[in-house]
> 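I am attaching a structure below and will ask some questions about it afterwards.
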Amino acid sequence: MSRPSSKRYTRTAMLLHWVLAVLILGTFAVGLYVSDLPFSLRKLQMINWHKWAGVTILVLSVARLLWRVTHRPPGLPAAIDLAMPGWQKAAYHATHHLLYLLFFVVPMAGWLYSSAKGFPVVWFGVLHLPDLVAKNDELAKLLWTVHEWSAYALIALVALHVAAALKHHVVDRDGLLERMLPGRG
């Protein structure tokens, strides 16, 4: 791992963070929206967009994990590290680890579900991705449940992550959020 060269994240880390944030929130919203639509061409288009975004999230998550492994992020500033209770540090680390895990679980469960249901995944209508499992309705039901509940867990963790960042920014005013904001210091 490279040593942290500054107290800020790299531009690449920031770009991956914010692009994934927008994609995850948008894909979750589309997933909720499409689940209530009656069967139609519009619903099929939205499902395809949801799948394309899911595969993109998976690809960018691989890139983000590789970047994270090869580029050590900045540590907590000393004043924050000293002031933060142990339980908050544990929650901070656990939340980040669970977020990374769910970046992979949610789209993989969706892809596996599509395969088990017999629905192809064709990324952006161009690249036909392989079926990961054979068609199997019972397995599809299980994978749908995993996909749905892991997506809810991901959004809950994103909300917790945002709340913690806003707490540091608005209440503590400790500058922690600025480390991930482009164009700052």
Side-chain angles (χ1 to χ4, degrees), residues 1-36 46 49-111 146-185:
M1 287 183 117
S2 62
R3 298 185 57 122
S5 59
S6 73
K7 296 185 189 248
R8 293 178 46 76
Y9 285 86
T10 64
R11 287 182 182 163
T12 301
M14 285 184 225
L15 178 67
L16 288 168
H17 176 274
W18 291 109
V19 168
L20 276 165
V22 169
L23 277 172
I24 287 167
L25 292 173
T27 304
F28 183 77
V30 168
L32 286 178
Y33 174 72
V34 77
S35 66
D36 290 333
M46 297 298 284
W49 186 91
H50 183 79
K51 288 181 183 184
W52 299 344
V55 172
T56 303
I57 288 167
L58 185 60
V59 168
L60 290 176
S61 294
V62 169
R64 184 173 184 180
L65 182 60
L66 290 173
W67 186 262
R68 177 81 158 75
V69 167
T70 59
H71 296 79
R72 188 173 171 198
L76 287 173
I80 296 171
D81 192 37
L82 288 171
M84 192 181 288
W87 71 267
Q88 282 185 1
K89 287 181 196 173
Y92 163 77
H93 291 294
T95 300
H96 280 91
H97 287 102
L98 286 171
L99 282 168
Y100 272 91
L101 176 66
L102 291 170
F103 292 162
F104 292 93
V105 169
V106 175
M108 284 303 301
W111 186 357
V146 171
H147 180 64
E148 181 178 31
W149 285 103
S150 61
Y152 284 123
L154 177 58
I155 290 303
L157 284 174
V158 166
L160 179 63
H161 179 69
V162 169
L166 290 174
K167 180 240 182 216
H168 279 280
H169 188 68
V170 174
V171 175
D172 298 340
R173 298 181 187 270
D174 56 19
L176 193 64
L177 180 61
E178 278 82 17
R179 300 175 337 142
M180 188 53 83
L181 294 177
R184 305 283 175 134

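Everything numeric in this text was worked out from a predicted model, so none of it was measured. When reading the values below, keep in mind they use all heavy atoms of this one structure, side chains included, and skip hydrogens, waters and symmetry mates.
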> Compare every heavy atom of L58 with every heavy atom of F103, then report the nearest pair and how far apart it is.
O-CD1, 4.5 Å

> Would you name the heavy atoms of G26 and W49 that are closest together and state the gap between them?
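For G26 and W49, the tightest heavy-atom pair comes out as O-CZ3, 4.0 Å.
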
> Scan for side chain to side chain donor-acceptor pair (under 3.5 Å) pairs involving residues 19-34, sequence neighbours excluded, and state none if there are none.
none

> Answer yes or no: is there a side-chain heavy-atom contact under 4.5 Å between M84 and H168?
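Sidechains of H168 and M84: in contact.
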
> Using only atom types and a distance under 3.5 Å, with no angle test, would you say the side chain of H97 pairs donor to acceptor with the backbone of H93?
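Indeed, once roles are kept as given, a pair shorter than 3.5 Å links the two residues.
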
> Taking all heavy atoms of G175 and all of E178, pick out the closest pair and write down the distance.
CA-OE1, 2.9 Å

> Identify the two heavy atoms, one from S61 and one from L20, that lie closest to each other, and give their separation to 0.1 Å.
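Closest heavy-atom pair between S61 and L20: OG-CD2, 4.0 Å.
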
> Rounded at 0.5 Å granularity, tell me how far CZ in R179 sits from NZ in K7.
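Rounded to the nearest 0.5 Å, the CZ-NZ separation comes to 9.5 Å.
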
> For residues P107 and G54, report the shortest heavy-atom separation together with the two atoms involved.
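Scanning both residues, the minimum pair turns out to be CB-O, 3.4 Å.
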
> Taking distance alone, no hydrogens or angles, what donor-acceptor pairs closer than 3.5 Å link side-chain atoms of residues 148-165 to residues at least two apart or in another chain?
from : atom 1 : to   : atom 2 : distance (Å)
S150 : OG     : V146 : O      : 2.6
S150 : OG     : H147 : O      : 3.2

> Using side-chain heavy atoms (C-beta onward) and a distance below 4.5 Å, is Y92 in contact with L76?
yes

> Is D172 reaching over with its side chain to a backbone N or O of D174, donor-acceptor style, under 3.5 angstrom?
no

> Do Y9 and H71 have side chains that get closer than 4.5 Å, going by heavy atoms?
no

> Can you list the steps and then say if F28 with L23 is a side-chain contact (heavy atoms from CB on, under 4.5 Å)?
CA-CA 8 Å; F28 183 77; L23 277 172; over 6 Å; no

> What distance do L15 atom CG and L60 atom CG have between them, rounded to the nearest 0.5 Å?
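Interatomic distance, L15 CG to L60 CG, rounded to 0.5 Å: 8.5 Å.
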
> Side chain of K89, backbone of D81: donor and acceptor closer than 3.5 Å?
yes

> Do you know the tightest heavy-atom contact between F104 and Y100?
CD1-O, 3.1 Å

> Do side-chain atoms of W18 reach the backbone of L181 as a donor and acceptor pair under 3.5 angstrom?
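Side chain of W18 to backbone of L181: no pair is present.
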
> Answer yes or no: is there a side-chain heavy-atom contact under 4.5 Å between P74 and R8?
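Contact flag for P74/R8 side chains = no.
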
